[in-house]
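A quick write-up on the structure given underneath.
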Amino acid sequence: MIKPFGEWRGKPAHIYEISNGSLSVGISDVGAAVQYIKVKTPSGFTDVCPGFDDAGEWAKSGTYLGATVGRVANRISGAKFSLGGKTYNLSRNDGQNCLHGGIEGFDKKFFKVLTEGAQGDDWHGNMLQLSLFSPDGDMGFPGNLNLLVTYKLEGSSLGIIYKARSDKDTLWAPTCHAYFNLGGASAAASSCGDMLRINADCFTPSGAGLIPTGEVRRVEGTPFDFRDFRAMGERIDEKDEQLAIAGGYDHNFVLRGEHAACAFSRESGIKLDIYTDMPGLHFYSGNFLGGNSAFGALAPRAAYALEAQFFSDAANIPSFEKPLLKAGEGQTHRIEYKFGRV
Ligand code: GLA
C-alpha cells in the first residue's frame, strides 16, 4: 500500500506500507524511515513506533524518528576524523560536533524505491528495498557510497539490512532511529513504564556535548544497570552525574552479543526483542522529544530509541572499534525487531 506523506523540498513524498498479517510497517521514501509499526494483538493492531504524517515536518523536527541514519550514527567530536593520514572536516550540526551524519544526513534525502511494483497504487508486499547514492565529499565524508536498505517482514519480525559499498576507504556506521512505546505510541503518554533489559555489562560514559570520554564503565551499582528487567524510567530521575549530563539516558551500551535488548509493556502485553551484528546499543530516553508528530505534540519521554550502532565517536576514540568501510569491499549490517507477547 502506498500513501501520500506530504512534500519535502517541493517533491511529493510517500509512505510504503509492508504487511503480513502480524505486522504492518510504514516506511517513508524521505530518510528511508520507519513511520509506524503496527503489531497485531488479541484486540487489534497497536502502533508502537511513533512517526509523522508529513515529510516536511518530520525532516525538520530534529527527532530522527525512525530514520535511516548515515553516514555515521551518533556523534563525531570536533566534526573531524583522520583516515589514511588525511583529516576530513565534516558538517557541524551539534555544537562543534557532527551528529547523525551532519546537517544534510541521510534523514534529509529522498531514497529511491527499488521494489518492483511498489510504485503502483494496488501494491501489497512484505519487503521493501530502497537505495541511496551519497557522493564523494557528502557532508565531508570520503568516497562515493552506494547504500541499499532492505526492510523485510518474516512472521512477527521486521528485519533491516544495510548493504554499503564505497570507492574509497571511509567510515560507515548506520542505525535505525526508531522510537518505541510498547504500551501504544501516543503524543502525551510516558514510555517510562515500559520494562527494559539491555544485554550489556558496561556502558560508555559521556562528557561535554555528550561525547564519550573513552571510558568503558561497569553498569553494576549505577542507574545504567539494565541487566535484569526494570522499568525504563525507574531510576531516570536519580541524582547521577551521567543522567544529569544527558537529562536522562542518552548513552551507548557495550553489547555482550547479538541479542541486544528486550522490552515489554505490561499494559499491552507487547514484547520486543532486538538483535544486531553491531557492537553497541544507544539508549536514548527521548529527553529532547517535542514537535508535532502524527499523534500531536510529542512529549519528552513519550517514547525511547534503542539504536543498534557502532559506539558514538568511535571515529576518534582509538579503543572503540572503528566503523571502517574499505574501498571496493561491500559491507552488510543487520538489525532485527522481533515482536511477541509477554
Ligand atoms: C540521538 C542522540 C540524542 C538526540 C537524538 C535525536 O539519539 O544521541 O542526543 O540528538 O538522537 O534527537
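The figures here come from the full heavy-atom set of this structure, side chains too, leaving out hydrogens, waters and symmetry mates. Both ligands and their constituent atoms are indexed starting at 1 by order of listing. What you see is a predicted model; the values in this text were computed from it and never measured.
- Shortest contact from atom 1 (C) of ligand 1 to any protein heavy atom: His100 NE2, 3.1 Å.
- Considering backbone and side-chain N/O of Tyr64, none are found under 3.5 Å from N/O of ligand 1.
- The residues Asp169 and Lys326 are annotated as salt-bridged, a charged nitrogen and a carboxylate oxygen being separated by less than 4.0 angstrom.
- Tyr284 CZ, 3.9 Å is the protein heavy atom nearest to atom 4 (C) of ligand 1.
- Only the side chain of Leu99 comes within 4.0 Å of ligand 1, counting heavy atoms alone; its backbone N, CA, C and O stay farther away.
- In terms of protein heavy atoms, atom 7 (O) of ligand 1 is closest to Glu307 OE2, 2.8 Å.
- Both tests pass for Lys11 against the ring of Phe110: distance under 6.0 Å to the centre and angle within 45° of the axis.
- Distance alone, capped at 3.5 Å, is enough to place a donor-acceptor pair between the Ser265 side chain and the Ser268 backbone.
- For the pair Arg197 and Asp228, the salt-bridge criterion is not met [side-chain N within less than 4.0 Å of a carboxylate O].
- Checked against a 3.5 angstrom limit, the closest N/O atoms of Gly62 and ligand 1 fall inside it.
- By heavy-atom distance, the residue among Thr63, Leu210, Asp250 lying nearest atom 9 (O) of ligand 1 is Asp250.
- Salt bridge Asp194/Arg301: absent, no basic N to carboxylate O contact under 4.0 Å.
- Listed by atom number, the atoms of ligand 1 under 4.0 Å from Phe288 heavy atoms are 9 (O).
- A salt bridge does not link Lys338 with Glu336: none of the charged nitrogens is closer than 4.0 Å to a carboxylate oxygen.
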